[in-house]
Amino acid sequence: MNDNKHTFKRYEEGETPNDWDLEDKIFQQDTSYKCPTYVHKTAPCSGSCPSGHDIRGWLAIARGMDKSPVEGQAWQEYAFHKMVEANPFPASMGRVCPAPCESGCNRNEVDDYVGINAVEQYVGDWANENGVKLAEAGADTGYKIAVIGGGPAGLAAAYFMRQDGHAVTVFEANAKLGGMMRYGIPGYRTPRDMLDIEIGRITDMGVQVKLNTKVGVDVSVASLEDEYDAIFWALGAQKGRPLPIKGWEGTENCIDGVEFLDAFNKGWVVGTAQKVVVVGGGDTSIDVASVARRLGHVTNVAKTDHAGGEVIDFTAQDAAGVLTREGMQATLTSLFPIEQMTAAEHEREDAKREGVDIKGSVMPLEVILNAEGRATGLRMCECVMKGNAPEAIEGTEFVIEADIIIAAIGQAGDFEGIDNLGNERGFIDIEAGYKVKGKDKHFAGGDILKPHLLTTAIGHGRVAAETITDYLDDGNIAKRPKIDIASFNLLEELNERGHELSPYEHMGEETRGTDSATYAVHNYEDRSDGQIVKHTELYKGHFPYVAREIRDEVHIEGDNVLGNFEERIIAYSEEQAQKEGERCMSCGMCFECDNCVIYCPQDAVSRVKKNDRTLGRYVETDYSKCIGCHICADVCPTGYIQMGLGG
């Protein structure tokens, strides 16, 4: 027996028919002039996804409802190709994206959100393991595009522009592609072999790559403007911000978090400190503190070819055989209370489990220096937040001892050699369509606009690629839709399944009684570019309580974390991924439950002939039988049926 409470009740206990608004809530074989129309809206998960995934679409594949048109194609491969319509990094984002889609999931109103992120990881991993490739590049357009920066925004833009047939060259200042996915996130969160596969798919499409090449230093902007038809700036925000307190500036053992993680991910970091304090509160500061804890304390450091520095400039691989590791004490501080830190909750809990001491509602006041000018501690006090500004609480000062202090409080772009591109805040200003403000044929996206999520940068790259193609076509950029995602397109679905519409041959003529004509899609409206389906539009009583499948994680306690850089998230099994697909409520799109067919008292709703069915065209209405009773709309679980038409 299911002991859980009802997930949904249409009426409150004790209500009578006199309490109901029959116009809005239910029609029991009433009549009206309205007839059902099938309205495609965007699901809130997709509306919440910064990269613009058609999440409902690939969950329909996972659940087995949407079958591949390619004979013998595995559902995972079909789902992968659906995913990369918006995001070419499903394995990576399935691990590190904080999944705003799950916060937006309407299933939260029933029992628990759908494990979207975990399904994405499973499909991405399956594609990697089975050597699935991206589609071939489009027909050559003759246009050449320069992409500055090989991180998530730059690589996504390169991928989508190769799909459009443009020649693309990526200029990357580092020795490898990946940007913050490689140099800003530890390998136990984005395994490097996985990342190399996903990046390799993009370069295999014919993307030219110039590594160790910094635009503005190694190559001039003027030369790029002469050689390329458009330039996409995806520099990232590779410079951390210093702490604006006394004693920070110029102190050797005070560094920023971006610098620390970059050095660690290049193999330059070894632990040389017993006590590390990280000032922050976002995912970057969590990563910094966790890496510091994992590194351990090193009592002997072998001489290396790198310049001095206590945290950076050591080659860990070369020194590994001669170093002895002891425990490191890592403390993370935040202006906000622990529960309000911007870092994802599971990241905070993992860090605490691994031995990181997290202190919330505290603010730094001064770096304590010794006679040699090195930091030995950080003077702090308790604080309360007034909006986004901290207010010190008098009489609460204290000092945290520290061998190293790391600031992870913000990031900005590096504009060496390209000063005229940046604004006073260290970012690039853009106009509509990701066009650089005041600069013809220059576009920009990713963290160089404003640091945000990796998946946000990917979304910038996707949309910017489309606007660049639009710009190259006629010099103008069309207005983008309000909901700018890789949305389901019924006409494309019909064509893919061999159900193309017949040509329309009535231009200039007035036509009536066209419900049986084959040149149009009838009683269907696509509002996906402007409307998101709300949970109040669904018949939630259709959905029983089904527990969400939980990804296992490798939890490491205390000192067992030392030297451990293995991945900690364990992917779904195929069975788990399919079960989560089944939990999707398919908001705004028919999922073939048959409720409207079963409950229509006039037998006016019927299934489309099996050979003619496609996703979104499962049922049809005989208007000669329909009396407008609204029952089909009332029992539609997905909100796909709305009453309209008529006259």
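These numbers come from a predicted model, not from an experiment. We use all heavy atoms of the structure for the numbers below, so side chains are in, but hydrogens, waters and symmetry mates are not. Numbering of residues begins at 1 and proceeds along the displayed sequence.
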Minimum side-chain heavy-atom gap [X]-[Y] below 4.5 Å:
X      : Y      : answer
Ser487 : Ser46  : no
Asp484 : Arg462 : yes
His81  : Glu85  : no
Val546 : Arg107 : yes

message = For a quick test of reading the model, state the closest non-hydrogen atom pair linking Pro44 to Asn106 and the distance between them.
response =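 Taking Pro44 first and Asn106 second, the nearest heavy atoms are CG-ND2, 3.4 Å.
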query = For the residue pair Glu198 and Ser92, what are the closest heavy atoms and their distance?
reply =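 The answer is OE1-OG, 2.7 Å.
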request  = For side-chain hydrogen bond (donor to acceptor under 3.5 Å, both in side chains), just list the numbers for Gln76 and Tyr122, CA-CA rounded to whole Å, side-chain angles, deciding distance to a tenth of an Å, and then say yes or no.
outcome  = CA-CA 9 Å; Gln76 295 95 331; Tyr122 167 76; 2.9 Å; yes
Can a donor-acceptor pair be found between the side chains of [X] and [Y] at a distance below 3.5 Å?
X      : Y      : answer
Tyr599 : Asp634 : no
Asp164 : Thr469 : yes
Glu120 : His53  : yes
Lys625 : Gln602 : no

task = Step by step, work out the side-chain hydrogen bond (donor to acceptor under 3.5 Å, both in side chains) result for Arg551 and Gln121.
result = CA-CA 10 Å; Arg551 273 186 292 196; Gln121 179 194 355; 2.6 Å; yes
Give, for atom [atom1] of [X] and atom [atom2] of [Y], the distance between the pair rounded to the nearest 0.5 Å.
X      : Y      : atom1 : atom2 : answer
Cys101 : Asn117 : SG    : CG    : 6.5 Å
Ile61  : Cys584 : CD1   : SG    : 11.5 Å
Leu490 : Ser528 : CG    : OG    : 10.5 Å
Ser586 : Tyr640 : OG    : OH    : 9.5 Å

query = Are Glu580 and Arg583 close enough, and set up right, to give a salt bridge (charged side-chain N to carboxylate O under 4.0 Å, His left out), and what steps lead you there?
reply = CA-CA 5 Å; Glu580 279 307 285; Arg583 291 186 68 244; 3.1 Å; yes
key: Option from Asn130, Asn128, Val123 for which side-chain contact (heavy atoms from CB on, under 4.5 Å) with Trp126 holds   =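 It is Asn130, the one option of Asn130, Asn128, Val123 that forms the side-chain contact (heavy atoms from CB on, under 4.5 Å) with Trp126.
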Are the side chain of [X] and the backbone of [Y] linked by a donor-acceptor contact shorter than 3.5 Å?
X      : Y      : value
His630 : Gly628 : yes
Asp66  : Trp58  : no
Arg189 : Met181 : no

inquiry  = Tell me whether the rings of Tyr143 and His166 are parallel (<30°), tilted (30 to 60°) or perpendicular (>60°).
reply    =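 Taking His166 first and then Tyr143, their aromatic rings stand perpendicular (interplane angle over 60°).
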Positive for ring-ring contact (aromatic ring centres under 6.0 Å, His included) with His460, one of Phe232, Tyr434, Phe443 =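 Of the listed residues Phe232, Tyr434, Phe443, the ring-ring contact (aromatic ring centres under 6.0 Å, His included) partner of His460 is Tyr434.
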inquiry  = Looking at Glu136, I'd like to know if its CD atom is crowded, meaning that more than 12 non-hydrogen atoms belonging to other residues, nucleotides or ligands lie closer than 6.0 Å.
reply    =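 No, not enclosed.
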message = Could you go through Arg95 and Asp125, starting from their C-alpha distance and side-chain angles, then the distance that decides it, and tell me whether this counts as salt bridge (charged side-chain N to carboxylate O under 4.0 Å, His left out)?
response = CA-CA 10 Å; Arg95 287 166 165 81; Asp125 284 353; 2.8 Å; yes
